[in-house]
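Worksheet for the structure shown next.
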Amino acid sequence: MASLDEARRLLREFPVVDGHNDLPWALRKVGYDLDARDISVAQNAHLHTDIPRLREGGVGAQYWSVYVRSDLPDAVPATLEQIDCVRQLLARYPADLAPALTAADMEAARGEGRIASLMGAEGGHSIGCSLGTLRGLYELGVRYMTLTHNDNNPWADSATDEPNVGGLSAFGREVVREMNRLGMLVDLSHVAATTMRDALDASSAPVIFSHSSSLAVCDHPRNIPDDVLERLPGNGGVAMVTFVPKFVLQAAVDWTAAADENLRAHGFHHLDTSEEAMKLHRAFEERTPRPVATVATVADHLDHMREVAGVDHLGIGGDYDGTAFTPDGLGDVSGYPNLIAELLERGWSKADLAKVTWQNSVRVLGAAEDVARDLRATRPPSNATIESLDG
């Protein structure tokens, strides 16, 4: 237990910057009723996330995902509703949640003992192929955009869809350049490996993976190949390891494919976490026990990613409230000390862990701001359209 106490002490000084939490989507499912899901008190029966458990977990900054499903016909207004949800949370809990737009804001929140709250849009469908909409999301506080979600969009290929444009189209590369000009981080979680490589070629600012793990450790297309990890030192970016069992444990990859097919066979979307869908999941699990990931499973990914990319390019992105299952010891946002304790047991230094929890993620946002400052001095906003660039 000494290592757990040591982990908690470390997190008091260098708390976790978590790259991805789907609380706003979980709140959408209850009509954004913040009385029904008052996160100032424990919500263990409904959510992975609430303020008491964020405090217990040593979270100092959170990127709230303003995700909407890529098959929604009206993705842009739905994304705006998600942004509004985050704003309602900030207004309701100002003693605990601090609005943050910059690296300096993150540091100020840490000094105040509040949780810096940033936003990330999960999927390029959220801009509707419009650079003006991209700029609008930035002005509303969105500080990263994942280029795709589970499906391709017209200008970028997803990791979990059939190849369409071969990575990024010409318009997709223009999206990356405009994100650089704004200071919005390019997030490469969910995208195809070809898209990762194209984005690294196109980006003049550091990129992030807000919630992805290592392909070499677990062969799932959502994970990062070693050749891409090897490019992060040259780019300055950060790969934030995720906890989702089906992305980190090989046996869980195979089990999840069968469980997803069971859901689809009964008329449910494979990402559905409604009560009815979860009832089907539980029945499937009774028939076919689910392989269980652990804290050690996640630490194995970090060990490998450190070997390939270096400790200056690692972070954490749990994906809480965006997954039905979690590893043992990482069941909700209170679990981060368990991971830090595991890494301490493996010989990771406190200086290296401070980089993983706090310093790397703050640095990468600040670096994107620096690039944007230079680009805005020389480059006007792009008014390119997908029609003009991709035909």
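None of these values were measured; they are calculated from a predicted model.
Checked by atom type, the side-chain pair Asn150/Ser158 shows no donor-acceptor distance below 3.5 Å. Residues Ser117 and Gln62 have side chains that never bring a donor and an acceptor to within less than 3.5 angstrom of each other. Thr49 and Asn21 share a donor-acceptor pair across their side chains, judged by distance under 3.5 Å alone. Judged by distance alone, the side chains of Asn223 and Ser214 never bring a donor and an acceptor atom under 3.5 Å apart. Side-chain contact of Trp64 with Asp22: a donor-acceptor pair under 3.5 Å is absent, judged by distance alone. Under the 3.5 Å distance criterion, with hydrogens and angles disregarded, a donor-acceptor pair is assigned to the side chains of Ser169 and Asp390. Side-chain polar atoms of Ser382 and Arg177 form no donor-acceptor pair below 3.5 angstrom. A donor atom on one side chain and an acceptor atom on the other are not found under 3.5 Å apart for Thr195 and Asp157.
Residues Asp332 and Asp321 fail the side-chain proximity criterion, which asks for heavy atoms closer than 4.5 Å. A heavy-atom distance below 4.5 Å is not found between the side chains of Arg37 and Asp33. Put simply, the side chain of Pro327 does not reach to within 4.5 Å of the side chain of Thr294, judged on heavy atoms. When side chains are defined from C-beta on, Arg143 counts as touching Tyr138, because their heavy atoms get closer than 4.5 Å. A 4.5 Å side-chain heavy-atom check between Met184 and Arg135 finds every atom pair outside the cut-off. Within the 4.5 Å cutoff, no side-chain heavy atoms of Pro15 are placed close to those of Val59. Within the 4.5 Å cutoff, the side chain of Trp155 has no heavy atoms near those of the Val176 side chain. For the pair Leu118/Asp105, no side-chain contact is recorded, criterion being any heavy-atom separation below 4.5 Å from C-beta on.
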Pair Cys129, Ile386 - check side chain to side chain contact (heavy atoms under 4.5 Å, CB included), show working.
CA-CA 7 Å; Cys129 295; Ile386 192 166; 3.9 Å; yes
What verdict does the side chain to side chain contact (heavy atoms under 4.5 Å, CB included) test give for Val207 and Asp187, after you've listed the backbone C-alpha separation in whole Å, the side-chain angles of each residue and the deciding distance to 0.1 Å?
CA-CA 6 Å; Val207 304; Asp187 177 22; over 6 Å; no
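A salt bridge links Arg55 with Asp96: the distance from a Lys NZ or Arg NE/NH1/NH2 to an Asp or Glu carboxylate oxygen falls below 4.0 Å. For the pair Arg222 and Asp319, the salt-bridge criterion is not met [side-chain N within less than 4.0 Å of a carboxylate O]. Taking 4.0 Å as the cut-off between side-chain N and carboxylate O, Arg264 and Glu261 count as a salt-bridged pair. Note on Arg9 versus Glu6: no salt bridge recorded, every NZ/NE/NH1/NH2 to OD/OE distance being 4.0 Å or above. One finds a salt bridge joining Glu342 and Arg346 here, because a Lys/Arg side-chain nitrogen approaches an Asp/Glu carboxylate oxygen to under 4.0 Å.
Asp50 approaches Ile39 most closely through the heavy-atom pair CB-O, 3.4 Å. Residues Arg8 and Pro337 share a closest heavy-atom pair of CG-CB, 4.0 Å. Annotation for Ala239 and Leu229: closest pair CB-CD2, 4.1 Å, computed over non-hydrogen atoms. Closest approach of His48 to Gly331, counting heavy atoms only: CD2-O, 3.4 Å. Contact record, Pro52 with Ala42: CG-N, 4.2 Å, taken as the closest heavy-atom pair. Of all heavy-atom pairs spanning Ala372 and Leu182, the tightest one is CB-C, 3.7 Å.
Two different hydrophobic clusters hold Trp25 and Leu90 under the rule that ILVMFWY side chains link at heavy-atom gaps under 4.5 Å. Neither Met145 nor Val371 shares a network with the other; the hydrophobic side chains, linked directly or stepwise wherever heavy atoms of I, L, V, M, F, W or Y lie under 4.5 Å apart, form separate groups for each. Linking ILVMFWY side-chain heavy atoms closer than 4.5 Å, directly or via other members, places Leu89 and Tyr32 in a single hydrophobic cluster. Hydrophobic clustering (ILVMFWY, side-chain heavy atoms < 4.5 Å, transitive): Ile115 and Val142 are in one cluster.
The aromatic rings of Phe243 and Tyr336 lie tilted to each other, with the angle between the two planes from 30° to 60°. The aromatic rings of His149 and Tyr67 sit tilted relative to each other, their planes meeting at an angle between 30° and 60°.
Taking CZ of Phe247 as the reference point, atom OG of Ser213 lies at 9.0 Å (rounded to 0.5 Å). Between atom CG of residue Leu54 and atom CG of residue Leu23 there is a gap of 8.5 Å, rounded to the nearest 0.5 Å. Rounded to the nearest 0.5 Å, atoms CG (Leu314) and CE (Met240) are 10.5 Å apart. Here the straight-line distance linking atom CD1 of Ile208 with atom OG of Ser361 works out to 7.5 Å at 0.5 Å rounding. Atom OG of Ser70 is separated from atom CG of Asp161 by 8.5 Å, given to the nearest 0.5 angstrom. To the nearest 0.5 Å, the span separating CG on Leu375 from CZ on Arg181 amounts to 8.5 Å.
For the pair Ser126 (side chain) and Ala121 (backbone), a donor-acceptor distance under 3.5 Å is absent. When atom types are taken as modelled, the side chain of His304 and the backbone of Asp300 share no donor-acceptor pair closer than 3.5 angstrom. One N or O on the side chain of Asn360 and one on the backbone of Lys355 form a donor-acceptor pair closer than 3.5 Å. A donor-acceptor contact shorter than 3.5 Å links the side chain of Glu369 to the backbone of Ala103. With Asn153 contributing its side chain and Leu147 its backbone, the two residues share a donor-acceptor pair below 3.5 Å. A donor-acceptor pair under 3.5 Å is formed between the side chain of Thr357 and the backbone N or O of Leu353. Here the side chain of His125 pairs a donor or acceptor atom with the backbone of Val68 at under 3.5 angstrom. Tyr320 contributes no side-chain N or O that, together with a main-chain N or O of Thr326, makes up a donor-acceptor pair within less than 3.5 Å. Using modelled atom types, no side-chain atom of Arg110 and backbone atom of Gly60 make a donor-acceptor pair closer than 3.5 Å. Judged by distance alone, with hydrogens and angles left aside, the side-chain atoms of Asp151 form no donor-acceptor pair with the main-chain N or O of Arg69 at under 3.5 Å.
Tyr63 and His20 have their aromatic ring centers separated by at least 6.0 angstrom. Ring to ring, Phe325 and His281 are close: their centroids are under 6.0 angstrom apart.
Under a 4.5 Å side-chain heavy-atom cut-off, the cluster of Ile, Leu, Val, Met, Phe, Trp and Tyr residues that includes Val217 has no other member.
Open room surrounds NZ on Lys350; 12 or fewer heavy atoms of other groups in view lie less than 6.0 Å from it.
Under a cutoff of 6.0 Å and an axis angle of 45°, Arg363 and Trp358 do not form a cation-pi pair.
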